[in-house]
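See structure below.
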Amino acid sequence: MNRIQVAVLVQMIAEELLPWYDRHARELPWRLSPRQKRSNPDLLFADPYRVWLSEIMLQQTTVATVKGYYEKFLMAWPSIHDLASEELDNILSAWAGLGYYARARNLHKCAKVVAEELGGIFPDTEEGLLKLPGVGPYTAAAIAAISFDRPTTVVDGNVERVIARYYALEDPLPGVKPQMKECAQKQTPNERAGDYAQAMMDLGATICTPRSPGCVICPIQTDCLGRKSGIAEDLPKKAPKKEKPTRRAYAYLFLSEERGALLRRRPEKGLLGGMTEVPTGNWIVQGNAEREPGLDQLSQWTELDGIVKHTFTHFHFEITVLTAKVSRDHDEVAKAVQGKWAHKSDFAALALPTVMKKILHHADYI
DNA sequence: AACTCGTGGTC
DNA sequence: TGACCAAGAGT
């Protein structure tokens with residue numbers, strides 16, 4: 001066996017992946033385009049503020065969904081200082097609809113730490129980044145690689161899928177994660193760390209997809225054990241998921257010709273923390289929804305036909321909507337539910353999550 | 001370690 | 001229609 005054949009047998013993923021990336025990299029708003037790199041050779045790595053912002057938004061969220069939010073945020077808050085000095089409620093409002101609202105709370109918290117304690121400069125190491133609120137193992141590695149050229153091992157859902165297939169790892173997630181990380185670590189190149197990380201994720205997003213992977217056009221098909229053994233599409237295996245229970249509740253929509261709708265702020269932590277809601281009764285875990293006497297007594301209620309259905313990460317939610325006309329004592333009612341009246345023309349400035357918009361829509365109010 | 005935490009697209 | 005899935009982190 002000569003040396004060339006040996007070299008082929010131990011080929012690194014990066015050797016085939018980076019040339020593919022140079023030809024097929026998607027242009028994304030937070031990514032330096034080849035044109036930018038050519039016209040400004042000093043601009044080797046993307047601005048950490050922009051990379052951080054995009055990576056937080058991209059957690060468990062598709063590129064298509066993130067694009068619009070990213071551009072809106074960058075327009076409203078061009079720098080870490082702009083974001084740090086903004087009020088949380090305005091950030092939550094801009095985040096509304098994107099989901100996982102703890103990300104927005106931590107985004108604000110992190111901006112304050114960087115702006116006020118670190119002089120506006122992001123840490124340039126994986127270890128330093130990992131200490132920031134909302135920045136976990138994936139995000140720390142990604143920012144370190146993309147913005148600071150650190151040869152970190154970036155492992156997200158895409159990389160897990162690519163690695164599971166490439167090495168034909170048949171043990172189920174999440175138990176196999178450490179082994180995946182180990183395999184990914186062996187493949188991490190010292191050069192072009194950011195490009196390699198993004199190339200792996202692009203590969204997973206466009207070719208090594210969960211269903212019907214494009215093995216025939218894959219740049220790393222040659223040494224892929226999953227493809228060779230014909231099990232690529234079935235990997236990675238996952239532990240069976242728990243069934244989602246259904247919770248049910250009544251929503252109490254107070255409406256006023258003069259004052260609009262009565263809305264309130266949810267508790268700071270937990271589900272939809274800090275977001276705006278239509279007042280609801282208890283969210284009953286099993287069985288039918290229950291009326292809330294404290295809310296019932298405040299007005300004369302009409303039950304609307306049909307129900308609003310919404311699925312959260314770990315439960316289904318079914319809401320029966322009640323409406324009531326309020327024509328006097330507006331402030332007393334608002335005080336009783338600890339809410340505020342808002343005209344529908346002002347809804348755009350509120351932090352209304354999707355489930356609450358569904359309720360308002362069902363009542364034909366928006 | 002296992003659970004919590006959103007939403008929109010896709011098949 | 002419903003289950004699955006997506007550039008995960010915090011507790």
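All chains are named by letter (A, B, ...) in the order of the sequence lines, taking the proteins before the strands, and each is independently numbered beginning at 1.
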(message) Measuring from the side chain of Leu271(A) (C-beta onward, heavy atoms only), which nucleotide among dT7(B), dA9(C), dC5(B) has the closest atom?
(response) dC5(B)
(message) Nearest to the side chain of Lys242(A), heavy atoms from C-beta on, is which of dA6(C), dC5(B), dC3(B)?
(response) dC3(B)
(message) Side chain of Leu272(A) only, heavy atoms from C-beta on: which candidate in dA7(C), dG8(C), dG6(B) is closest?
(response) dG6(B)
(request) Would you mind telling me which of dA6(C), dT7(B), dG6(B) lies closest to the side-chain atoms of His310(A)? (result) dT7(B)
(message) Whether the side chain of Thr139(A) and the base of dG8(C) hold a donor-acceptor pair under 3.5 Å is what I'd like checked.
(response) no
(request) Could you check which of dA6(C), dA9(C), dG6(B) has an atom nearest any side-chain atom of Tyr100(A)? (result) dG6(B)
(request) Looking only at side-chain atoms of Tyr101(A), point me to the closest of dT7(B), dG8(C), dC5(C). (result) dT7(B)
(message) Rounding to an integer number of angstrom, what distance separates dG6(B) and dA6(C) when you compare their C1' atoms?
(response) 12 Å
(message) What's the closest nucleotide to the side chain of Thr354(A) if the choices are dA3(C), dG6(B), dG8(B)?
(response) dG8(B)
(request) Check whether any side-chain N or O of Lys269(A) sits under 4.0 Å from OP1 or OP2 of dT11(C), and answer yes or no. (result) no
(message) Side chain of Lys238(A) only, heavy atoms from C-beta on: which candidate in dT7(B), dA7(C), dC5(C) is closest?
(response) dC5(C)
(request) On DNA chain B, check which nucleotide each of Pro174(A) and Gly273(A) is closest to and give me the residue with the more 5' one. (result) Pro174(A)
(message) Using the side-chain heavy atoms of Arg161(A), tell me which of these nucleotides is nearest: dG6(B), dA6(C), dT4(B).
(response) dA6(C)
(request) Classify the side chain of Thr65(A) versus the base of dG9(B) as yes if they form a donor-acceptor pair under 3.5 Å and no if they do not. (result) no
(message) dG8(C), OP1 or OP2 - any side-chain N/O from Gln60(A) closer than 4.0 Å?
(response) yes
(request) Would you indicate which nucleotide in dA3(C), dC5(B), dC4(C) comes nearest to any side-chain atom of Thr313(A)? (result) dC5(B)
